[in-house]
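These notes are about the structure you will find just below.
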Amino acid sequence: MLDLKEYGIIMWDAEKIASFRRTLLDWYDREKRDLPWRRTKNPYYIWVSEIMLQQTQVQTVIPYYERFLDWFPSVRDLAEAPEEKLLKAWEGLGYYSRVRNMQKAAQQIMDDFDGQFPDTYENIAKLKGIGPYTAGAISSIAFDLPEPAVDGNVMRVMARLFEVNYDIGDPKNRKIFQAIMEILIDPNRPGDFNQALMDLGTDIESAKNPRPDESPIRFFCAAYLNGTYDKYPIKLPKKKPTPMQIQAFVIRNMKGEFLLEKNIEGRLLGGFWTFPIMETDFIGQQLSLFENDNYVLETVSQKAIFEKNYALKPDWTDNGFTPVKHTFSHQKWTIEMVEGSVKDDKLPTDKELCWVAAEDFDQFPMATPQKKMIKTYEDSKKG
DNA sequence: AATGCGTGGGG
DNA sequence: TCCCCAAGCAT
């Protein structure tokens, strides 16, 4: 067991802990949000909600949650679903490995747990895509097990309660907050205790613009009482996303269909369909070639590279589309679109390519950058 | 241990 | 408009 004193944290006595639990749970009983996944103890439903809620806000999740359970009512349905339907169910939510891992976990439940959702922390934590936070959340909410669910909210609230001088963004410090929570958690209502802290951290004790005077636990909060509230939690700034210049090729055949390509699995937006794209940070620049005893500078165009890689000879119709901007967690794209049309639409076989009519776009899983490109293209044709 | 992996909302 | 942030996990 980790010794909190070594981290400069003075734990409360039993009476204060009991008082804290009562104060927090009384507030939760009055103020808790009525959310779809709070009307059930079905571990499958709880699991779906917890995976969707990873790094994703409640308001965004609700419609996805309802539709997901409609499409995949049971673990078995999820285990047997085709990949395309999985991606459609998650389209627009982001972090798509979440849903791939969920399907693997559903298959683990069918194969290793006889189709029954595991009911111990240890077995729940064996499932793909379930880490310490999610294992704690499911254990406590669905099975009433006294397991902490340490997420960003809990770390923030705990850091303020005890003036924890350790960076909450550093994974190795997670164990400090885990140790605090193992002592504080109410063994009689562990699920409510965990969710109360999340509700509190989401709104009143949020990261930006918190309202500490409204917190039901302010008189337990060292940072509040000592006037150091603004100093906690300690969190080092993240790295900024890398700017990247991208070229997209909007190519149509004689039927007016668009060329789409399926992204390679295991990479960014793997399995989703997009207009062919190319990173152009390093091309479109001048290359030196050795020719006739001299070096000559030659500008290699993206279009030439496209023609070679896709074995197509489009007639290019340049028409200055507004660049599409899209920021991922780690990359910041500026996408320039170019348009072309082909008479001969025979496609190479070394890539997953197909011609698709605009009215059939919704049958293909498409991520947000592609949706933005389609909108920009259509808007330019209208205006 | 550090990095890859999305997206939408709020200031 | 741009920047920061949010109910993490896998490798």
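The sequence lines fix the lettering, A, B, ..., with proteins before strands; numbering per chain opens at 1. Since this is a predicted model, take the numbers as computed values, not measurements.
The residue among A:K239 and A:N209 whose nearest nucleotide of DNA chain B is located toward the 5' end is A:K239.
A:R100 has no side-chain polar atom (N or O) that falls below the 4.0 Å cut-off from OP1 or OP2 of B:dC5. Neither OP1 nor OP2 of B:dT3 sits under 4.0 Å from any side-chain N or O of A:H330. For B:dG6, neither phosphate oxygen OP1 nor OP2 lies less than 4.0 angstrom from any side-chain nitrogen or oxygen of A:K332. In this structure, A:K235 reaches the C:dA6 phosphate: one of its side-chain N or O atoms is under 4.0 Å from OP1 or OP2. The shortest distance between the side-chain N/O atoms of A:Q55 and the OP1/OP2 oxygens of C:dG8 is below 4.0 Å. Close to C:dC9, at under 4.0 Å from its OP1 or OP2, lies a side-chain N or O of A:T134. Checking the phosphate oxygens (OP1, OP2) of C:dA10, no side-chain nitrogen or oxygen of A:Y95 falls inside 4.0 Å.
Taking atom CE of A:M52 as the reference point, atom P of C:dA6 lies 22 Å away to the nearest angstrom. Here B:dG8 presents its P atom at 9 Å from CG of A:L93, a figure rounded to the nearest Å. Across the protein-nucleic acid pair, A:K238 atom NZ and C:dC5 atom P stand 7 Å apart, rounded to whole Å. Whole-Å rounding puts the A:K175 NZ to B:dA1 C1' distance at 13 Å. Distance CD1 (A:I168) to C1' (C:dC5): 11 Å, rounded to an integer number of Å. Regarding A:K240, its NZ atom lies at a distance of 10 Å from the C1' atom of C:dC4, rounded to whole Å. Rounding to whole angstrom units, NE2 of residue A:H326 and C1' of B:dT7 are separated by 6 Å. Atom CE of A:M102 and atom C1' of C:dG8 are 14 Å apart (whole Å).
Rounding to the nearest 0.5 Å gives a distance of 4.0 Å between CZ of A:F162 and CE of A:M11. Taking CG of A:D29 as the reference point, atom CZ of A:R22 lies at 13.0 Å (rounded to 0.5 Å). Between the CG atom of A:D170 and the CG atom of A:D167 there is a distance of 5.5 Å, given to the nearest 0.5 Å.
Contact annotation for A:V58: base contact, defined as any heavy-atom pair under 4.0 Å involving a base atom. Using a 4.0 Å heavy-atom cutoff across all strands shown, A:L35 reaches at least one base atom of the nucleic acid. Residue A:S97 is classed as having no contact, given no heavy-atom separation below 4.0 Å to the nucleic acid. Residue contacts shown for A:W90 are absent, as no nucleic acid heavy atom lies under 4.0 Å away. Heavy atoms of A:S49 sit nowhere under 4.0 angstrom from any nucleic acid atom. Within 4.0 Å of A:P369, counting heavy atoms only, lie sugar-phosphate atoms of the nucleic acid but no base atom. The residue A:P132 sits close only to the backbone: its heavy atoms come under 4.0 Å of sugar-phosphate atoms, none of a base. Among the protein residues, A:D170 comes within range of no part of the nucleic acid, since none of its heavy atoms lies under 4.0 Å from any strand. Within 4.0 Å of A:I51, counting heavy atoms only, lies no atom of the nucleic acid at all.
Ring pair A:F117/A:Y44: centre-to-centre distance not below 6.0 Å.
Within a 6.0 Å sphere centred on CZ of A:R76, other residues, nucleotides and ligands contribute 12 heavy atoms or fewer.
Straight-line distance between the P atoms of C:dC9 and B:dG8: roughly 22 Å, to the nearest whole Å.
The side chain of A:K325 has C:dC2 as its nearest neighbour among C:dC5, C:dC2, B:dG6. Here C:dG8 is the nucleotide among B:dT7, C:dG8, B:dG8 with the atom lying nearest to any side-chain atom of A:D151. Side-chain proximity of A:K208 to C:dC9, C:dA6, C:dC4: nearest is C:dC4. Considering only side-chain atoms of A:L268, the nucleotide from B:dG6, B:dG11, C:dA10 that sits closest is B:dG6. Taking every side-chain heavy atom of A:T60 into account, B:dG8 is the closest of B:dG8, C:dC2, C:dA6. In the set C:dG8, B:dG9, B:dC5, the nucleotide with an atom closest to the side chain of A:Q57 is B:dG9. Listed candidates were B:dG6, B:dT7, C:dC2. Nearest to the side chain of A:A367 is B:dT7.
Between the side chains of A:S74 and A:D77, a donor-acceptor pair is found at a separation under 3.5 Å. Side-chain contact check for A:Y7 and A:N173: no donor-acceptor pair (N or O, by modelled atom type) lies under 3.5 Å. When only modelled atom types and interatomic distance are considered, A:Y96 and A:E91 share no side-chain donor-acceptor pair under 3.5 Å.
Side chain A:T56 to base B:dG6: a donor-acceptor pair is found below 3.5 Å.
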